[in-house]
Structures are given as C-alpha cells and as structure tokens.
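Notes for the one structure printed next.
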Amino acid sequence: MRRDALVAGPLDVAPFLLGKLVVHGEMAARIVEVEAYHGELDPASHAYRGRTARNATMFGPAGLLYVYFSYGMHWCANVVCGEEGVACAVLLRALEPVAGTGEMAAARAAHRRASGPPPERDLCRGPANLTRALGIGKEHDGVDLLSPSSPVRLVDDGVPPPSGAALAQGPRIGISRATELEWRFWIAGNRYVS
DNA sequence: CTTTGGATCGTCT
DNA sequence: GACGATCCAAAGG
C-alpha cells in the first residue's frame, strides 16, 4: 500500500479500500464494506466540531488507524485519509475472513459466551464485530497501517477495487445527522456485507 | 422473520 | 447530564 493512494478525499478513498486486506498477526480479512466521514464538513463525523482529545488521530497523516469507543462497550476502526491536518476517515463496516478464522471465532466466542462462536459469515460483519474478531482496541489507536513494523497493517494483494456495477453505494448506518448522504460503499453481492 | 430493550461509559454540552 | 459511526438475546408473530 502506497501512502499517497490514501491522500485523497474520503469519497475516493472509501471505494478504493474495498478489496484491501487488514492484517493482524496470523489473521487477515478483506474489506467489503466501508463508510466515508468528512471531518469538518460532515455533521455525522466525530471531527465536525473540531479537534478534541478523542478524535486527534483523525487529524494525523493518511494511513493511521483511528479507533474509538462507542455505546459503552464497542470499538470501531477507521482508516485516516487525506492531507495531514484534515480530519477525513473511512470506517470499516464489514470484512471477509481470509486467514486465522479460528482465532477470530475464539475472540468472538469469548465475548458472546453462552451462544458460542458465530457462523463464519458473521465473524467480521459489523464495525464492532470486526474489531472484536481481529483483536483491535484502544491500544491500536494511532498506529501506522502502512508500516511493516505495526501490529495492524493494510495490505494490497492485487485484488482491484470494485467498479461499475460491482460497486454499491447507499446511506450510512446508525447515524442521526446527514442521513441523506450516500457515503456507504460495499462490494455488490458480497455475502459478508452487513 | 421482526421488534424490543438492555448493556455500559467516555466524551462533549 | 445526555447520548452515541452497536450488538445481542429474548419475546412476539
């Protein structure tokens, strides 16, 4: 992954990230669904009202991982994009498990307890589920996804982003403002989409 | 299948 | 003091 590929607006970077791999240890999963958040121009973004301690990572250089805590129990992961100082990010909403699925299932099962591990299709389905499966938490906020020495990395294995009819687009999920914007992107027909 | 309510806490107003 | 870029289990149809 070249960093300059991420130095662009979130509406360009979001579809570009579809098909890329997120790697953590022996685990790898392919991005199949994302949402774009455009910092200070976007009422639904954490950075809409400017820089705070929580959203500081969003203002960093492209390629950082922004992790935030939500609803008192969930972690969500974003890829920071755009120029440094501009708070753009792409939320990861669903991934297709590629490697290390046993470890992912164990991580999910540990949290779900009684109900056991979810079916493979649901391992990384949903923004909080995928961080749980991959073991991503607050300790990963601000790590450089493009550095070979980082625990969590973004890898391009040559699978091209979807284009034309293979690229689907619609409203973002779970927000209360700017709901008219169709800033969610996914791979059309992919069964791992949430 | 759909609907509903509970969990649970950091952050910003 | 309210609320959120959510998920899950239980209950109802």
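Residue numbers begin at 1 in each chain, while the letters A, B, ... track the order of the sequences. Because the structure is predicted, anything quoted here is derived from the model rather than measured.
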Show me, pair by pair, the donor-acceptor contacts under 3.5 angstrom made by side chains of residues 4-18 of chain A, not counting sequence neighbours?
| unit_1 | atom_1 | unit_2 | atom_2 | d |
| --- | --- | --- | --- | --- |
| A/Asp4 | OD1 | A/Arg2 | NE | 3.3 |
| A/Asp4 | OD2 | A/Arg2 | NH2 | 2.7 |

Consecutive-pair stems (3 or more, Watson-Crick or G-U, under 3.5 Å) for DNA chain B: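 DNA chain B forms these stems: B:1-7 with C:6-12, B:9-12 with C:1-4.
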Neighbours of DNA chain C within residues 173-182 of chain A, by heavy-atom distance under 4.0 Å: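 Close to the strand are A/Ile173, A/Gly174, A/Ile175, A/Ser176.
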Enumerate the residues from residues 34-46 of chain A whose closest heavy atom to DNA chain C is under 4.0 Å, giving them by residue number; use none for an empty result.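 Here the set is A/Tyr37, A/Ala44, A/His46.
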Residues two or more places apart in sequence or in another chain: which of them pass side-chain hydrogen bond (donor to acceptor under 3.5 Å, both in side chains) with A/His46?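 side-chain hydrogen bond (donor to acceptor under 3.5 Å, both in side chains) list for A/His46, sorted by chain: A/Tyr66.
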Output all residues satisfying side-chain hydrogen bond (donor to acceptor under 3.5 Å, both in side chains) with A/Ser149, sequence neighbours left out; order by chain, then residue number.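 Per chain and number, A/Ser149 pairs via side-chain hydrogen bond (donor to acceptor under 3.5 Å, both in side chains) with A/Ser147.
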Solution key, residues 157-166 of chain A side-chain donor-acceptor pairs under 3.5 Å, sequence neighbours excluded:
| unit_1 | atom_1 | unit_2 | atom_2 | d |
| --- | --- | --- | --- | --- |
| A/Asp157 | OD1 | A/Arg30 | NH1 | 3.1 |
| A/Asp157 | OD1 | A/Val159 | N | 3.4 |
| A/Asp157 | OD2 | A/Arg30 | NH1 | 3.3 |
| A/Asp157 | OD2 | A/Arg30 | NH2 | 3.1 |

Taking DNA chain B as the partner, which of [range] come within under 4.0 angstrom of it by heavy atom?
{"range": "residues 48-62 of chain A", "result": "A/Arg49, A/Thr52, A/Arg54"}
{"range": "residues 127-136 of chain A", "result": "none"}
{"range": "residues 65-84 of chain A", "result": "A/Phe69, A/Tyr71, A/Gly72, A/Met73"}

For A/Arg49, what residues pass the side-chain contact (heavy atoms from CB on, under 4.5 Å) criterion, not counting sequence neighbours?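 Residues passing side-chain contact (heavy atoms from CB on, under 4.5 Å) with A/Arg49: A/Arg177.
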Scan the side chains in residues 87-100 of chain A for donor-acceptor partners under 3.5 Å anywhere in the protein, sequence neighbours excluded, and list what turns up.
| unit_1 | atom_1 | unit_2 | atom_2 | d |
| --- | --- | --- | --- | --- |
| A/Arg93 | NE | A/Glu33 | OE2 | 3.3 |
| A/Arg93 | NH2 | A/Ser194 | OG | 3.3 |
| A/Glu96 | OE1 | A/Asn190 | ND2 | 3.2 |

